[in-house]
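Notes follow the structure.
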Amino acid sequence: MPDQYDPHALEERVREYWQEAEAYERTKQHREGAERFFFVDGPPYTSGAAHMGTTWNKSLKDTYIRYKRMCGYDVTDRPGYDMHGLPIETKVEEKLDFENKKDIEAFGMENFIEECKEFADEQLEGLQDDFKSFGVWMDWENPYKTVSPEYMEAAWWGFAQAHERGLVDRGKRSITQCPRCETAIAKNEVEYHEIESPSIYVSFSLTGREGSLVVWTTTPWTVPANTFVAVDEDATYAAVRVESTESGDYEGELLYVAADVVDDVMDRAGATDYTVEEELGGSELVGWSYEHPLPEEVPDHPQGAGAGEVYHADYVEMDRTGLVHSAPGHGQEDFERGDELGLDIFCPVGPDGVYTQQGGKYAGGFVREANDDIIADLDSAGHLLSASTTRHDYGQCWRCDTDIVFLATDQWFVTVTDVKEEMLENLEDSEWYPAEARDNRFRKFIEGSPDWNVSRQRYWGVPIPIWTPEESADSSASRSSERSSREDGEAVDGWSGDIEDTLVVATREELAERVDQDVDPEAVDLHRPTVDDLTITEDGTTYTRVPDVFDVWLDSSVASWGTLDYPGETEDFEELWPADLIMEAHDQTRGWFWSQLGMGTTAMGEIPYEQVLMHGWALAEDGRKMSKSIGNVVTPSEALERHGADPMRLFLLGVDPQGEDMRFSWDEMATMQRNLNILWNVFRFPLPYMRMDGFDPEEVSLENCDLELVDEWVLSRLATTVETMTDHWEAFRQDRALDALLEFVVEDVSRFYIQVVRERMWEESDSDSKTAAYATLYRVLEETTKLLAPFAPFAADEVYGTLTGDTGHPTVHMCDWPDPDSAYQDAELEADVAVLRAVEEAGANARQQAERKLRWPVPRVVVAANDSEAARAVREYAALVEERLNAREVDVVAPGEEWGELRYSAQADMSVLGPAFGGQAGEVMQALNAARISEPTLDALEIAVADELGEQVELTEEMVEFVTETPEGVAATPFRVRGDDRGVVYVDTAITEDIESEGYAREVIRRVQEMRKDLDLELDRELRLDLDVADERVSDLVRRHESLIAEEVRAEEFGSVEDGHRKEWEVEGVTMTIAIEPLAAPEQAD
RNA sequence: GGGUCGAUAGCUCAGUUAGGUUGAGCGCUCGGCUGAUAACCGGGAGGUCCGCGGUUCAAAUCCGUGUCGACCCA
């Protein structure tokens, strides 16, 4: 085992070993036939390298998979990749320098799709390499890909199930459209940024009465589609007579606006004098009619039944004019209200954001570019009261940053709103970590979520498996030549629009059976354009496929059965579904958590996952999200380069995985590397001794050993640690499990157990004590590698291999997760040793105050215990305390007993003082804390407090706690266990000749040891020692301990050394010359 | 603009459920130890508990409000 912990070199070795030993494959085989655990990997999107968040996510998945395997489960570990969708299309478009769909059509759809596939495949390879680079063990040979025929079939099948249940529909919806990509994009794909827009006040002339309604809008291009004006029926409106204006326009006109905003609107309109003639409720305005402001420019403007009237709507706000221009063809709220009112939905804009023929004068122009014309036309028609600009947030396409437009178009929907109650019920069947994520955030989102628009007018996706009667309309946009005929809302062709008259194909088999063409179900590629040309003829009607593809969220929503290749394969599905566990970040509440619930409920009537671990996002060191523009991005490869896989994983896995965002920290990662280094040293420490003594763990049974107190203690701590860790793992707090493990290794094993047993290991002859220490340490280390394995798979495996050699499993990852060994668990012993360690610490502190180093014995340590438990513990294990503190004697002063020289102070308990003294409590506390008394009684304290306070106060036992104070001449330090004061350690530092003698002898030993190391001697090499102490008195003192020295430094003989290693030392002001000479190495016994 | 979550030592976090003199690890610094030695032990410094206001004898904790950050929604 190398001296240094070098994560990179170690990883290299382990990686090679894994390869050679087929460690992963054997680990999986090892669990074959065991109870199965169905984990489903949420598929990362294949459009870039793994970032820190993905790395955290995969590290978590890996660690839980390893843990579950160790617990005996046969865990599914098929990784997945989300490979369809607009993001990849736009990347490929960029690469090919395309501007819009026409370029794609010119390039050829098939070629384009091939390019997308290649791109996605390349990205997939990159991601696989990234995940492997930090030790994730998943089935890399066999990932599920959303572009494979089996997987696409899973999507078809799920959709067909939803259709069977009557949960698929086509209909007009207001959607967010990217005019460049020419497709609907999901609401959660819309990003917001600030833009400058026109801000215009427009008057609509009332019909049948005098006056005009004043509306405000930032989108003049939606005015052609104006269908109604909305008011708040409970608000107050004013009829305002304009008396005079700066421009002379509108003078004498009567304008209607909300009463609260009269002054503001008049001001904007440049009115210098005006009168409010009448105030009336909003409900009085309802039913009024007005003229469309651009009747000549847009001859097809909405004018059917109910159009051009005033209605109430909930979305009206009183901030601008209180009257809202509403165009159901362009706004979501307008659409919903218009739909509710039964108005025609008029949308004179095509999928590319260009006005159609219905746009009249504006036809052929891009909507936002028509703003100026429309403003000018409104002005010349006398309808423009005011025109300026305003800054506000507006949505843009997440992929190409083009500002979106709102359009009402025909789209395909999974009508999840019809099964909302069922979804909420199904939700109850899943356990979430943290639980609040389900009950707050997710539940709220489900309650508010609309129908799921699953159609996209694009290419790189799963084709929607719907066939409609001959020449039927597709959802919307792809066949623009057909648009004009469809925009009247009438079906153009054979299809009535009734969903009952459509065919939905569920599988490749079914496709081959039903289509008119010859199709090989094994070989067919379900992508466009292959499926576009397939027709179905049934009962004399020919059906063609709608040209849309699925929203890419539908792809991943079927992962719980897609990953099992269902419906193509049924065996695993029947055994495993639904998933036992998924884990993703909190942004997936509206992503994968939701889409799976929606699809699971509509297709299967069930939630497709049982446990959810919802983690947070990986933020940068400054607490903000990692972003190229801020320049605070840390890549996983950089972390791997600087610290290696195990330290990086330890950092990531040491963070709370439940809902909280992680803050990246180089500092913490370095700390984890240091922790691993300690661990490394812990493992390395006993190996030379064990080897030297030929310790064979196979032959020595721990159970037959004569264990000493500390052995029993460390085994108890091990058992308790296992128990604690298991509890944390089961509660999905692997970070706390890791804390417990590191505390055990660093605090209990490294800092205490090993310090205590060093003496025993250094013993020359074989002894039961040494064997017991070896056996104990061996057990501790072996179990520890298992506990470490899920976190740091590389380091754990190398150490495990070194320890067990040929006797264990080929890899630690095949081991069973340890059971807490209750035979060794002893809570009282642990509590006792906690007291002893606290006493030792306090003793060390007291020694330092007295400037007495540990090498020099002290004649006596007095432990004044606050409670009988502490007193008993110290008394019982006094020998260990003597050894650790290098004391000749340990005395215990039990509670109730007094040690002569002590003085006392008191500490106030504010929870009692507060209520008793009210406003005076603070003062009384001060006085109490300041008091010094010679006996710990209330009477003495009351006198002292009265002195301080200038006033008599009544004290009770509950108010104070007496504390012993350091007496003169003896160094004293209180000791506490987990924050509780348990007593005081007094160290008597008197010097006697005897003590001096041993002190000096130990100084000599220490220096000889250092010289041995200078020569790099073998541990058991004997030597000759030549000792020359300048001070005669000291020389005599040292000689008294010659045999101790000889034993400790393995000095076979004392005598003059001619050409050995010679050094001069200054020890406490005395000059010593020491020389050593190694003797010939003894013959090896065997 | 709205909802949810978060802000405590230089860093990472605990303490907030149930109000009672703020804690840990790491880092820094001083000292000690020494056959684990790039390890180990002890001491010390280091806090407007994000700001402001309120309730209370008493607030990191409860209430209100603001600032900053994260996610989601518009």
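Residue numbers begin at 1 in each chain, while the letters A, B, ... track the order of the sequences. None of these values were measured; they are calculated from a predicted model.
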- Message: Please check: side-chain N/O of A/Thr219 versus main-chain N/O of A/Thr222, any donor-acceptor pairing under 3.5 Å?
- Response: no
- Message: Output the rounded distance in Å from CE (A/Met690) to P (B/A36).
- Response: 14 Å
- Query: When you measure from the centre of the six-membered ring of A/Trp856, is the NZ or CZ of A/Arg1002 under 6.0 Å away and within 45° of the axis?
  - Reply: no
- Measure from the side-chain heavy atoms of A/Glu841 and tell me the nearest of B/G3, B/A36, B/G42. B/G42
Write down the protein N/O and nucleotide N/O pairs, taken from nucleotides 6-14 of chain B, whose separation is under 3.5 Å; answer none if there are no such pairs.
unit_1: B/U12; atom_1: OP1; unit_2: A/Arg663; atom_2: NE; d: 3.1
unit_1: B/U12; atom_1: O4'; unit_2: A/Glu668; atom_2: OE2; d: 3.3

- Message: Say we look at B/A7 and B/C11: how far apart would their P atoms be, to the nearest angstrom?
- Response: 15 Å
- Item | Pairing of A/Glu436 and A/Arg443 as salt bridge, 4.0 angstrom limit | no
- Query: Side-chain N or O of A/Lys625 less than 4.0 angstrom from OP1 or OP2 on B/G69?
  - Reply: no
- Task: Please determine, for the side chain of A/Asp587, which listed nucleotide (B/G42, B/C71, B/A36) has the closest atom?
- Result: B/C71
- Message: Considering every strand and a 4.0 Å limit on heavy-atom distances, what is the contact class for A/Leu619: base, sugar-phosphate, or nothing?
- Response: sugar-phosphate
- Task: Quickly work out the A/Arg624 CZ to B/U67 P distance and round it to whole Å.
- Result: 16 Å
- Task: Grab the CG-C1' distance between A/Asn675 and B/C26 for me, whole Å please.
- Result: 9 Å
- Note on the structure: Heavy-atom nearest nucleotide on RNA chain B taken for A/Phe752 and for A/Gly623; more 5' hit belongs to A/Phe752
- Query: Charged N to carboxylate O below 4.0 Å: is that the case for A/Arg884 and A/Glu840?
  - Reply: yes
- Message: Rounded to whole Å, how long is the line connecting atom CG of A/Asp735 with atom P of B/A24?
- Response: 20 Å
- Sticking with atom P, work out how far B/A60 lies from B/U21, rounded to a whole angstrom. 10 Å
- Task: For A/Gln673 and B/G27, give me the distance from atom CD to atom C1', rounded to whole Å.
- Result: 16 Å
- Give a yes or no on whether a salt bridge exists between A/Arg624 and A/Asp622, defined as a side-chain N under 4.0 angstrom from a carboxylate O. no
- Does B/G46 pair with anything, Watson-Crick or G-U wobble, both distances under 3.5 Å, and if so, with which nucleotide? none
- So what does A/Thr589 hit on the nucleic acid, given a heavy-atom distance under 4.0 Å: a base, only sugar-phosphate, or nothing? nothing
- Pairwise P distance, B/G23 and B/G46 [rounded to whole Å]: 14 Å
- Please state whether the phosphate of B/A36, meaning OP1 or OP2, lies under 4.0 angstrom from any side-chain nitrogen or oxygen of A/Tyr689. yes
- Message: Students often get this wrong, so: under 4.0 angstrom with heavy atoms, is A/Asn677 touching a base, only sugar-phosphate, or nothing?
- Response: sugar-phosphate
- Query: According to the interplanar angle, ranging from 0 to 90°, do the rings of A/His643 and A/Trp666 count as parallel (below 30°), tilted (30 to 60°) or perpendicular (above 60°)?
  - Reply: tilted
- Query: Just how far, in rounded Å, is C1' of B/G32 from CG of A/Leu885?
  - Reply: 14 Å
- Query: How far does the C1' atom of B/A59 sit from the matching atom of B/G54, given to the nearest Å?
  - Reply: 11 Å
- Message: Rounding to an integer number of angstrom, what distance separates B/U12 and B/A45 when you compare their P atoms?
- Response: 23 Å
- Query: Charged N to carboxylate O below 4.0 Å: is that the case for A/Glu1003 and A/Arg1007?
  - Reply: yes
- Message: Closer than 4.0 angstrom, basic N to acidic O: yes or no for A/Asp739 and A/Arg733?
- Response: no
- P spacing across the pair B/C28 / B/A39, given as an integer number of angstrom: 11 Å
- Give a yes/no answer on whether the side chain of A/Arg674 brings an N or O atom under 4.0 Å of OP1 or OP2 in B/A39. no
- Between A/Arg847 and B/G32, is there a side-chain N or O to OP1/OP2 distance below 4.0 Å? no
- Task: For A/Ile754, report the nucleic acid contact type (base, sugar-phosphate, nothing); a contact means any heavy atom under 4.0 Å.
- Result: base
- Of A/Val682 and A/Trp617, the one whose closest nucleotide on RNA chain B sits nearer the 5' end is A/Val682
- Item | Rounded distance (Å) that lies between atom C1' of B/C71 and atom CD of A/Glu584 | 15 Å
- Message: Please name the nucleotide paired to B/C33 by Watson-Crick or G-U wobble geometry with both distances under 3.5 Å, or report none.
- Response: none
- Message: From CZ of A/Arg441 over to P of B/G2, roughly how many Å is that when rounded to an integer?
- Response: 18 Å
- Classify the angle between the aromatic ring planes of A/Trp452 and A/Trp594 as parallel (below 30°), tilted (30 to 60°) or perpendicular (above 60°). perpendicular
- Item | B/U8 versus B/C49 - spacing of their C1' atoms, nearest Å | 4 Å
- As its Watson-Crick or G-U partner within any shown strand, both distances under 3.5 Å, B/A58 has none
- Query: Where the side chain of A/Lys444 is concerned, which of B/A70, B/U4, B/A36 is the nearest nucleotide?
  - Reply: B/U4
